[in-house]
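Quick note on labels: first sequence line is chain A, next is B, and so on, each numbered from 1.
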Amino acid sequence: MADYNFKEIEKKWQDKWEEAHAFEAENGSDKEKFFGLIEFPYPSGQGLHVGHPRSYTAMDIIARKRRMQGYNVLYPIGWDAFGLPAENYAIQNNVHPAVITAKNIANFTRQLKMLGFSFDWSREVNTTDPSYYKWTQWIFLQLFKKGLAYKQEMPINWCTSCNVGLANEEVVNGVCERCGGEVIQKRQSQWMLKITEYAQRLIDDLDDIDFLEKIKTQQRNWIGRSEGAEVKFTLTTGDEMVVYTTRCDTLFGATYTVISPEHPLIEKLADKLTNYEEVKEYQKAASKKSEFERTELAKEKTGVKLLGVNAINPVTGKEIPIFVSDYVLVTYGTGAIMAVPAHDTRDWEFAKKFDLPIIEVVSGGKDVNEEAYTDVASGTMVNSGFLTGMAVKDAIPAMIDYLEKEGLGTRKVNYKLRDWVFSRQRYWGEPIPIIHCPKCGQVPVPEDELPLVLPDMEEFKPGENGESPLANATDWINTTCPCCGAPAKRETDTMPQWAGSSWYFLRYADAHNDNALASKEALDYWTPVDWYNGGMEHTTLHLLYSRFWHKFLFDIGVVPTKEPYQKRTSHGMILGENGEKMSKSRGNVVNPDDVVNEVGADTFRTYEMFLGAFDQSTPWSQQGLKGCYKFIEKVWNLQNIMTDEDGYSPELEKAMHKTIKKVGDDFERMKFNTAIASMMSFLNDVSKKGSITKGEYKTFITLLNPVAPHVTEELWQMLGGEGLLSLAPWPAYDEEKTVDDEIEIVVQINGKIRDKMSVAADLDRAGLEAVAMESARIRELTEGKTIVKIIAVPGKLVNIVVK
RNA sequence: GCGGAUGUGGCGGAAUUGGCAGACGCGCUAGACUUAGGAUCUAGUGAUUUUAUCGUGGGGGUUCAAGUCCCUUCAUCCGCACCA
């Protein structure tokens, strides 16, 4: 027998699969489909991280198993290739981002192929390919036409040292990631997408899909729906101010109001305020604060009272002061609140600092002069006019009814979710296909002129004043208006990296279509994605964005389903050997190339699936890797003890059926570690017996194939298996043969194990009791004692309670 | 502060419903084979004062029976951060 030569074997089968087009999905098939998806990678210069193959191997196992089960499987791959690292590299080294991107993709391709993933490479997509981003731009135009894309002035992060706009990810601890310079907020005109329009549907439709509960929770919290009321306050000047509250039941306890520094009311009241200058000063100071300072200083509340004007509490009729303070956000609700210090912690702190009255309107907590009582679930209304005596939960709707009847307020739902800032002042992204015409305004690039290709440039540095580098592409910018033909200028902002990834899975259905992002037939057949595995870090970004885009595409009739992904699961991180996150600076990075070179792809894959619970973070271990190598080698060496029978031996038959069941079930639940453990166990049984039949061997390598596809394919051929193992049928098991005839049961006395005995598996309660009482040991131990009770659980144990 | 997790041997981790805690792997110990061992095989391996007792972060509870259920508390990690 030859030694296990993984280098030869792995290359051989990768070539064979490619020649046979073994993993290409079929369009127009009658078979049942399975669409498995992993997050397509950003092809970074560092190459593949060991974290990538964790997710890819997991879905590869599912995809390979489905294929063996007879499904028409689509397991595609592509490149999310726009993005900052390539652009920064380009700026520093004067290489076009497209050049470095192509190089990185070539390297990633080599690495992924080396790992034997059953991707359908014929459908490879690349977000930077004009034939791809043509459709990203097309979707943007549809959003624009429906009024869901609009341009607005927005504060952006601005590095005062580099003089450049930064993405949130580039701001670390309030300073510029690259130069350490101070970052402030600067107002700039930005493209926005109205994701808020879909807020409710993004919450509601979670009920119909199979996402991990923690993912749903995180999305719901992020969207942040709250039900409350908008309440009108009349001012002593006759003006009106609307506040948003979720606790209108506490209105009788509102002793002041607060507006945000950016609130328009300040300008409106300018000539009536006796301390306008002071208010302006506060406003200015607040605007200067960076995001960092605002959160850092969050503990200490500041504010200025408006002098010369008061608000009137609509239910008590009392005059109460108005403050301006930056603890109220202009972006949420109406940018104005009613403050109830007795029942809101923030208001309470503010009231203490400014010595404002605290009126208890809900009883049941501690002294409201000591701390705010915020419990809504219990508590009774006091000092609250017609609400007095009611429970809080009844008082809320009662007050809303009252406000609506009296015309003092209305029911209102608010969301924390904000519209999506869609502009980037960067080169390496999809150009936004809009033309600015002095006469016609924002005019979409005609669809038949798509793709609007990125101009070739030599300098990628951002322009003056935070403009996109495209501002320097004079030939490209200057164009004519598609509407009136007058000279006009192109939009110079590009799209964020999230654009191309918001719809890429659709392109896989029909990757080479020139007339549509994918044909209707292909989308009808393949969508939705059946199973999508990815990282938790994308839950409120990519995963939410793509759900939004998909719903929009559903609304305009482009896709047949309202949700893009039927099932979403998530993997844990692989940490460095020291238990810390892998990073270059910590020097604990494991390179997949080295691992494969040392032990081969099959061992690498097996180890990545065996090292711990799939959904949990686990440290890498070089020793553990070796253990998996030994396992694969043992599988190879089974040839030495193989007998020629095709069936299963009587000794191993039960173990075989149990293993088939366990492995199949565990794969489905993504319990890959225990699936592999059960295969190892089976191998231990074989070792004990000293031989394995050809039939057992074949079944065993079929179970192992999704995990370690190369070595099992080689063994399959050696054992005379027909065709490719990767396309052979998944083994069946006989339920009856997965249960033992005889089992060991435990006999306890007062919950302590005192004896074990072998009985028929189906022995009933009475039988169990009788057998237990026959035991010499049990008799000895119970002698002279009173038996209070005997609990017998068939298949499990007998517990005798004595006194 | 809010939300989400996690806590089990020397280590990574098992334990579908409350029913033998520690599967499987690593490491370690002893033995075999060997010129050699970071190879292979065999046996052992939670702790202890070993007829037994104690053991799943700590404390309390429910139960014949708790890693699992309830209450409480501590620690670590991740996400969000004044959302009225």
Side-chain angles (χ1 to χ4, degrees), chain A residues 212-215 217-218 220-222 224-226 228 243-248 250 254 257-258 260 291 294-295 297-301 325-329 331-340 343-347 349-350 374 414-418 536-537 539-540 572-573 575 577 579 581 606-607 610-613 615-628 630-631 633-634 637 662 665-666 669 671 673-684 687 744-753 755-756 788-802:
Chain A
L212 288 180
E213 208 46 49
K214 63 175 173 179
I215 297 174
T217 306
Q218 211 171 305
R220 284 194 195 104
N221 288 345
W222 181 261
R225 178 192 158 98
S226 80
V243 306
Y244 176 69
T245 178
T246 54
R247 291 293 307 275
C248 63
T250 61
T257 63
V258 189
S260 71
E291 199 70 32
R294 262 182 105 127
T295 48
L297 298 171
K299 290 132 211 160
E300 187 66 13
K301 298 219 174 344
S325 172
D326 64 4
Y327 85 89
V328 173
L329 308 172
T331 43
Y332 185 75
T334 59
I337 63 154
M338 62 179 215
V340 186
H343 305 290
D344 182 285
T345 315
R346 295 151 303 177
D347 298 345
E349 283 168 15
F350 192 86
T374 57
N414 265 322
Y415 302 91
K416 288 187 201 173
L417 186 70
R418 302 294 149 71
M536 278 307 286
E537 70 274 16
T539 302
T540 54
M573 241 191 308
L575 306 169
E577 201 134 15
K581 203 169 163 174
T606 307
Y607 177 62
F610 183 65
L611 89 177
D615 58 354
Q616 236 125 43
S617 294
T618 316
W620 181 268
S621 155
Q622 206 60 28
Q623 290 293 350
L625 179 69
K626 267 194 203 156
C628 286
K630 276 199 328 206
F631 168 64
E633 209 175 31
K634 265 191 216 164
N637 289 335
K662 172 89 176 145
D665 289 354
D666 280 359
R669 297 185 303 143
K671 299 258 179 188
N673 54 339
T674 51
I676 293 167
S678 75
M679 288 192 263
M680 288 172 168
S681 267
F682 180 78
L683 221 56
N684 291 342
S687 294
E744 194 183 58
I745 65 141
V746 166
V747 184
Q748 299 178 330
I749 296 179
N750 287 345
K752 300 257 157 69
I753 297 154
D755 202 4
K756 293 184 181 186
V788 179
K789 198 184 200 181
I790 298 176
I791 293 115
V793 183
K796 294 268 159 69
L797 51 58
V798 179
N799 189 12
I800 304 163
V801 186
V802 298

Protein-nucleotide distance ([X], atom [atom1]; [N], atom [atom2]), rounded to Å:
{"X": "A:Q616", "N": "B:A5", "atom1": "CD", "atom2": "P", "answer": "11 Å"}
{"X": "A:F610", "N": "B:C24", "atom1": "CZ", "atom2": "C1'", "answer": "5 Å"}
{"X": "A:I749", "N": "B:A65", "atom1": "CD1", "atom2": "C1'", "answer": "14 Å"}
{"X": "A:L797", "N": "B:C20", "atom1": "CG", "atom2": "P", "answer": "7 Å"}
{"X": "A:E537", "N": "B:A5", "atom1": "CD", "atom2": "C1'", "answer": "15 Å"}
{"X": "A:D347", "N": "B:A84", "atom1": "CG", "atom2": "P", "answer": "12 Å"}
{"X": "A:N414", "N": "B:C82", "atom1": "CG", "atom2": "P", "answer": "16 Å"}
{"X": "A:I790", "N": "B:A65", "atom1": "CD1", "atom2": "C1'", "answer": "15 Å"}

message: Please tell me if A:K581 has a side-chain N or O lying less than 4.0 Å from either OP1 or OP2 of B:C77.
response: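 Indeed not, no polar side-chain atom of A:K581 lies that close.
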
- request: Would you tell me if any nitrogen or oxygen in the side chain of A:S226 comes within less than 4.0 Å of OP1 or OP2 on B:A84?
  value: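 Answer yes for this pair, as a side-chain N or O of A:S226 is under 4.0 Å from OP1 or OP2.
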
Using the [atom1] atoms only, state how far [M] lies from [N], rounded to an integer number of Å.
{"N": "B:C24", "M": "B:A32", "atom1": "P", "answer": "26 Å"}
{"N": "B:U45", "M": "B:G22", "atom1": "C1'", "answer": "12 Å"}
{"N": "B:C41", "M": "B:G59", "atom1": "P", "answer": "43 Å"}

Pairing partner of [N] (Watson-Crick or G-U wobble, both distances under 3.5 Å):
{"N": "B:U42", "result": "B:A30"}
{"N": "B:A52", "result": "B:U48"}
{"N": "B:U62", "result": "none"}

message: I'd like to check the side chain to side chain contact (heavy atoms under 4.5 Å, CB included) partners of A:N750; sequence neighbours left out, ordered by chain and number.
response: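 Partners of A:N750 by the side chain to side chain contact (heavy atoms under 4.5 Å, CB included) criterion, ordered by chain and then number, come out as A:V801, A:V802.
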
query: Hey, does the Lys NZ or Arg CZ of A:K301 hover above the aromatic six-ring of A:Y327, less than 6.0 Å from the centre and inside 45° of the axis?
result: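 Positive - A:K301 is close enough to the ring of A:Y327 and near enough to its axis.
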
- prompt: With sequence neighbours left out, what residues match A:K662 under salt bridge (charged side-chain N to carboxylate O under 4.0 Å, His left out)?
  reply: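 Result, salt bridge (charged side-chain N to carboxylate O under 4.0 Å, His left out) vs A:K662: A:D666.
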
query: Considering heavy-atom distances to RNA chain B, does A:D665 or A:G333 have its closest nucleotide positioned more toward the 5' end?
result: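 The answer here is A:D665.
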
- prompt: In terms of the nearest nucleotide of RNA chain B, which residue is placed more toward the 5' end: A:L417 or A:Q218?
  reply: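 Comparing both residues, the 5'-ward one is A:Q218.
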
- request: Kindly point out which of B:G3, B:C24, B:A65 is positioned nearest to the side chain of A:T217?
  value: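 For the A:T217 side chain, the nearest candidate turns out to be B:G3.
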
